[in-house]
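Hydrogens, waters and symmetry mates are skipped; everything else that's a heavy atom, side chains included, is used.
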Amino acid sequence: MSHTSTTHLNPKKRYLQIALNSTLEEAEHIIRDLPVSDRILVEAGTPLIKRYGAYGIKKIHGWYAERLGTSGMLPYVVADLKTMDRGETEVDIAARAGASAAVALGHAPIETLNAFIEGCNIHGLDAMIDMMNVEYPLAVLRELKTLPAVVILHRGVDEEQFNKEKQIPLYEIRRIKGAYDMMIAIAGGDTIREAQRAIFNDADIVAIWKSVFQSSADTAQMVEEFLKEMK
């Protein structure tokens, strides 16, 4: 197994990932309100992809490219496929739509995860493995032929809503980084305080969605506040 992973992201930077889970109309408004920053990743969320398919990923990529304009920055779009099977096939779909990264579930068969990561490497995408509800993320990583670029530690929306005691497994960050040189994303927290805790525990990427679920005049200011906390 390869003990190092490669990514198009800068491991020395911290990133804010904006998850778009609603309609394409809403996604367009939110993207147009975002500050221009090389530390913002835009995610085509699973509900949006299920509603619009590859077309949705393509539209988000186009809008984000327009927002970045002549800044010289390239749009970084995460396709949250939550792949459980047909790893290479789903990566191909995301790549053709313009995604920079794709997401598979850590509960997928190891064969699927290996095919998914290999597909990402072939197509030039960053492979992200979502460890939501995976008890021992390290056990999954140890079985892989090649490491993903990013591991996501994730408290699900339903978990947060119906199990108030459920916490984001921040303790896994140091366990994983103690064994492997890779980037860690935290998802399932949506407040400045939760972002601070994630960064304090050495997370590289913080994903938010609830705060930007609907575009508003405060979106840009709110995103700027998150970015300040993540320096």
Heavy atoms, side chains only, cut-off 4.5 Å: are V103 and T83 in contact? no
What pairs of residues pass the salt bridge (charged side-chain N to carboxylate O under 4.0 Å, His left out) test when at least one of them lies in residues 38-52, not counting sequence neighbours? K13-D38
Any residue meeting side-chain hydrogen bond (donor to acceptor under 3.5 Å, both in side chains) with Y52, in chain and number order, not counting sequence neighbours: none
Looking only at heavy atoms, what is the nearest atom pair of L81 and A102, with distance? CD1-CB, 3.9 Å
After noting the C-alpha distance and the side-chain angles of K58 and V77, does the key distance pass the side chain to side chain contact (heavy atoms under 4.5 Å, CB included) rule? CA-CA 9 Å; K58 188 174 293 187; V77 176; over 6 Å; no
What heavy-atom pair brings P35 and V223 nearest, and what distance separates the two atoms? CD-CG1, 3.8 Å
Are any of the side-chain heavy atoms of P148 and M128 separated by less than 4.5 Å? no
Is it true that E28 and R32 make a salt bridge, defined as a side-chain N closer than 4.0 Å to a carboxylate O? yes
Treating D204 as the side-chain partner and I184 as the backbone partner, does any N or O pair qualify as donor plus acceptor under 3.5 Å? yes
For P75, side-chain contact (heavy atoms from CB on, under 4.5 Å) partners two or more places apart: H61, Y64, A65, L68
With sequence neighbours left out, write down each residue that passes salt bridge (charged side-chain N to carboxylate O under 4.0 Å, His left out) with R175, or none if nothing qualifies. E172
Does the side chain of S37 reach to within under 4.5 Å of the side chain of L16, using non-hydrogen atoms? no
Determine which pairs satisfy salt bridge (charged side-chain N to carboxylate O under 4.0 Å, His left out) with at least one residue from residues 69-82, sequence neighbours left out, and list them in order. D80-K82
Would you give the length of the straight line joining atom CD1 of I186 to atom CD1 of I152, rounded to the nearest 0.5 angstrom? 10.0 Å
Pairwise distance CD1(I49) to CD1(I57) - rounded to 0.5 angstrom: 4.0 Å
With distance as the sole test, does H107 use its side chain to make a donor-acceptor pair with the main-chain N or O of N133 at under 3.5 Å? yes
Any side-chain heavy atom of I60 within less than 4.5 Å of one from I31? yes
Residues two or more places apart in sequence or in another chain: which of them pass side-chain contact (heavy atoms from CB on, under 4.5 Å) with I110? L113, N114, V140, E143, L144
Should V36 and L20 be counted in the same cluster of Ile, Leu, Val, Met, Phe, Trp and Tyr side chains packed under 4.5 Å apart? yes
Going by side-chain contact (heavy atoms from CB on, under 4.5 Å), name the residues that satisfy it together with I122, two or more places apart in sequence or in a different chain. E118
Closest approach of I199 to A203 (non-hydrogen atoms, all atoms of both residues): CD1-O, 3.6 Å
Can you list the residues that meet the side-chain contact (heavy atoms from CB on, under 4.5 Å) rule with K59, with sequence neighbours excluded? L24, Y55, W63
Just by distance, no angles: are the side chains of Y15 and N10 close enough, under 3.5 Å, to form a donor-acceptor pair? no
Looking at every heavy atom in both I40 and L34, which two are closest together, and how far apart are they? CG2-CD1, 4.2 Å
Do P137 and I176 have side chains that get closer than 4.5 Å, going by heavy atoms? yes
Pair listing, salt bridge (charged side-chain N to carboxylate O under 4.0 Å, His left out) test, anchored in residues 86-113, at least two apart: D92-R96
Going by the rule salt bridge (charged side-chain N to carboxylate O under 4.0 Å, His left out), which residues pair with R14 if we only count those two or more places apart in sequence or in a different chain? D202
Do V206 and Q17 make a side-chain contact, defined as non-hydrogen atoms from C-beta onward lying under 4.5 Å apart? no
Rounded distance (nearest 0.5 Å) linking atom OG of S100 with atom CG of L41: 8.5 Å
D85 CG to T112 OG1 distance, which is reported to the nearest 0.5 Å: 4.5 Å
Between I93 and A54, which heavy-atom pair has the shortest distance, and what is it? CG2-CB, 3.9 Å
Quick one: does T46's side chain get under 4.5 Å of N21's, heavy atoms only? no
Indicate yes or no: at least one non-hydrogen side-chain atom of L147 is less than 4.5 angstrom from one of Y180. yes
Determine the minimum heavy-atom distance between R174 and F200, stating which atoms define it. NH2-O, 3.5 Å
Rounded to the nearest 0.5 Å, what's the gap from CG on N201 to OH on Y171? Could you check? 12.0 Å
Grouping ILVMFWY residues whenever side-chain heavy atoms fall under 4.5 Å, the cluster of M84 otherwise contains L105
With no hydrogens and no angle check, is any side-chain donor or acceptor of S71 less than 3.5 Å from a backbone partner on M73? yes
